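Just so you know, these numbers come straight off a predicted model, no measurement behind them.
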2 protein chains.
Amino acid sequence: MESSELRKAGLKVTLPRVKILDILEQSSNRHHSAEDVYKALLETGEEIGLATVYRVLTQFEAAGLVKRHHFEGGHSVFELNQGTHHDHILCVKCGRVDEFVDETIEARQQDIAAELGYEMTDHCLYMYGICADCKGK
Amino acid sequence: MESSELRKAGLKVTLPRVKILDILEQSSNRHHSAEDVYKALLETGEEIGLATVYRVLTQFEAAGLVKRHHFEGGHSVFELNQGTHHDHILCVKCGRVDEFVDETIEARQQDIAAELGYEMTDHCLYMYGICADCKGK
DNA sequence: TCTGCGGATGAAAAAGCTTCTCATTATTAT
DNA sequence: ATAATAATGAGAAGCTTTTTCATCCGCAGA
Ligand SMILES: [Mn+2]
Ligand SMILES: [Mn+2]
Ligand SMILES: [Zn+2]
Ligand SMILES: [Zn+2]
């Protein structure tokens with residue numbers, strides 16, 4: 001139930017927040033731009049402004065409910081935060097996104113940061129390529 | 001000499017192109033936003049429009065003279081392409097940027113892409129943290 | 001050195017994404 | 001139910017980047 005998640009995050013239970021969380025949880029795609037969410041709301045008949053979508057997604061990010069990514073192309077994409085870190089590989093032809101975690105890479109990153117004198121707070125690895133489906137054509 | 005590099009890249013030798021390449025080669029910073037380059041041009045007394053800066057940097061990228069990166073914060077940064085791939089670690093406090101290459105990570109990336117059925121075309125790893133200097137305060 | 005063509009430039013407008021403003025409305029604690 | 005407070009919608013504005021278009025320049029050929 002979305003309302004308890006919102007309350008737990010210290011957010012008032014409002015219609016826009018419930019509907020947006022609903023879309024993030026129900027949609028078959030895990031990665032959404034603000035525009036994607038806005039259009040999905042329109043399709044369900046909700047008249048929620050784009051500014052509100054941006055505000056709510058930013059609040060969800062601050063509350064730890066979603067993660068924001070900067071895929072190439074300028075705009076942000078959001079996905080439900082399910083607690084575990086992962087990285088992304090994107091098809092440059094069709095836009096498909098796959099997720100992965102690799103402990104070898106994660107460990108090396110920690111070492112490199114330490115070697116360079118950094119205390120690492122975050123990291124993201126984006127790989128771009130042509131997916132199996134798109135290779136055939 | 002900049003003009004021969006431009007000719008080699010198939011670009012006409014124009015004042016904006018020479019000056020911009022000059023800034024990229026002479027500056028102590030390796031990573032520049034378009035705005036950075038524009039301001040540096042103004043400081044040397046050159047009246048070159050921002051649109052031209054964007055155009056030239058995009059052409060340099062297409063010609064393989066520079067690499068474009070998308071650090072967090074929305075805008076692109078450019079650096080001279082010295083042929084060898086490297087990744088980046090950025091200080092979230094002071095903006096410092098360090099570069100590194102790690103063969104273990106590079107190799108794992110190839111494996112992961114292959115496992116997921118992708119033919120990898122590009123990749124970028126951004127690490128964020130607090131640098132040695134900024135940790136002290 | 002002169003000429004002419006195609007490409008390059010500058011200035012301003014426009015585009016695309018995101019944030020802000022402010023009047024109105026909804027939520028929550030009492 | 002009421003009051004205090006926060007959230008919303010619509011539109012304006014902000015920022016980075018691209019496009020438009022009239023003018024200008026580099027450069028190959030004469
Ligand atoms: Mn993901
Ligand atoms: Mn670099
Ligand atoms: Zn594909
Ligand atoms: Zn620092």
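- Applying the ring-ring contact (aromatic ring centres under 6.0 Å, His included) test to pairs two or more places apart or on separate chains, those with a residue in residues 83-121 of chain A are A/His31-A/His88, A/His69-A/His88, A/Phe71-A/His88, A/His85-A/His123, A/His86-A/His88.
- Mapping heavy-atom proximity under 4.0 Å, the span of DNA chain C touched by chain B runs 5' to 3' from C/dG6 to C/dA12.
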Intermediate values then yes/no, side-chain hydrogen bond (donor to acceptor under 3.5 Å, both in side chains), A/Ser4 and A/Arg7
CA-CA 5 Å; A/Ser4 60; A/Arg7 263 185 263 271; over 6 Å; no

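- Considering only residues two or more places apart in sequence or on other chains, B/Ser33 meets the side chain to side chain contact (heavy atoms under 4.5 Å, CB included) condition with B/Glu35, B/Asp36, B/His75.
- Look at CG on B/Leu50: it is 10 Å from P on D/dT16, rounded to the nearest Å.
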Nucleotides 9-15 of chain D: which of its N/O atoms have a protein N/O under 3.5 Å away?
residue : atom : partner : partner atom : Å
D/dG9   : OP1  : A/Glu47 : O            : 3.3
D/dG9   : OP2  : A/Gly49 : N            : 3.4
D/dG9   : OP2  : A/Thr52 : OG1          : 2.6
D/dG9   : N7   : A/Arg55 : NH2          : 2.7
D/dG9   : O6   : A/Arg55 : NH1          : 3.3

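- Side-chain contact, B/Arg17 with B/Ser3: no donor N or O sits under 3.5 Å from an acceptor N or O.
- Pairs of residues two or more places apart, or lying in two chains, that qualify as salt bridge (Lys or Arg N to Asp or Glu O under 4.0 Å) and include a residue from residues 79-93 of chain A are A/Arg30-A/Glu79.
- Heavy atoms of A/Ser33 sit nowhere under 4.0 angstrom from any nucleic acid atom.
- Distance CG (A/Leu41) to P (D/dT8): 12 Å, rounded to an integer number of Å.
- With respect to the salt-bridge test (charged N to carboxylate O, under 4.0 angstrom), the residues B/Lys135 and B/Asp133 do not qualify.
- In summary, of the residues considered (A/Met127, A/Gln109, A/Arg108), a side-chain contact (heavy atoms from CB on, under 4.5 Å) with B/Leu125 occurs for A/Gln109 alone.
- Taking only side-chain nitrogens and oxygens, B/Tyr54 comes nearer than 4.0 Å to OP1 or OP2 of D/dT17.
- Judged by distance alone, the side chains of B/Arg55 and B/Thr52 do bring a donor and an acceptor atom under 3.5 Å apart.
- When the options B/Leu11, B/Val66, B/Leu6 are evaluated for a side-chain contact (heavy atoms from CB on, under 4.5 Å) with B/Leu21, the one that passes is B/Leu6.
- One hydrophobic cluster, built from ILVMFWY side chains closer than 4.5 Å, cannot hold both B/Val77 and B/Leu24; they sit in different ones.
- Atom CD of A/Glu46 and atom P of D/dA7 are 19 Å apart (whole Å).
- No salt bridge links B/Lys19 with B/Asp22; every basic N to acidic carboxylate O contact stays at or beyond 4.0 Å.
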Strictly under 4.0 angstrom, non-hydrogen atoms only: write out the protein contact profile of nucleotides 23-30 of chain D, one letter per nucleotide from the 5' end, B, S or -.
---SS---

